[in-house]
Amino acid sequence: MSEQRFFQELETRRLKLRNVNREDLDFIFKLFSDEKVCEFLYDEEIFTKKEERELL
């Protein structure tokens, strides 16, 4: 597994950028297992198992 990197949170009036955490794993799986979404966002094979979401 690759080294985990943490970045400072950045926030504006309309946007908040933060590090991904374990609570985001279900959302990540849902997003990257959707064929239509991956057509535009992800240049790899779509996720088929929940374990794959932790590889990002």
| request: Taking the side chain as every heavy atom from C-beta outward, state whether F32 and V37 have any pair of such atoms under 4.5 Å apart. | output: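 No. Closest side-chain heavy atoms not under 4.5 Å.
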| said: Restricting to non-hydrogen atoms, name the atom on C38 and the atom on S33 that form the minimum distance, rounded to 0.1 Å. | reply: SG-N, 4.5 Å
| message | Strictly distance-based, threshold 3.5 Å: is any side-chain N or O of N19 a donor or acceptor partner for the main-chain N or O of F7? | response | yes
| task | Sequence neighbours left out, what passes salt bridge (charged side-chain N to carboxylate O under 4.0 Å, His left out) with D24? Give chain and number order. | result |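 With neighbours one apart ignored, the set is R18.
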| request: Only counting residues at least two apart or in another chain, list the ones meeting salt bridge (charged side-chain N to carboxylate O under 4.0 Å, His left out) with E9. | output: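 Result, salt bridge (charged side-chain N to carboxylate O under 4.0 Å, His left out) vs E9: K16.
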| side-chain contact (heavy atoms from CB on, under 4.5 Å) partners for L10, two or more places apart |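 Result, side-chain contact (heavy atoms from CB on, under 4.5 Å) vs L10: L17.
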| Got a second to check how far E23's CD is from I28's CD1, nearest 0.5 Å? |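 Answer for the CD-CD1 pair, E23 versus I28, is 11.0 Å.
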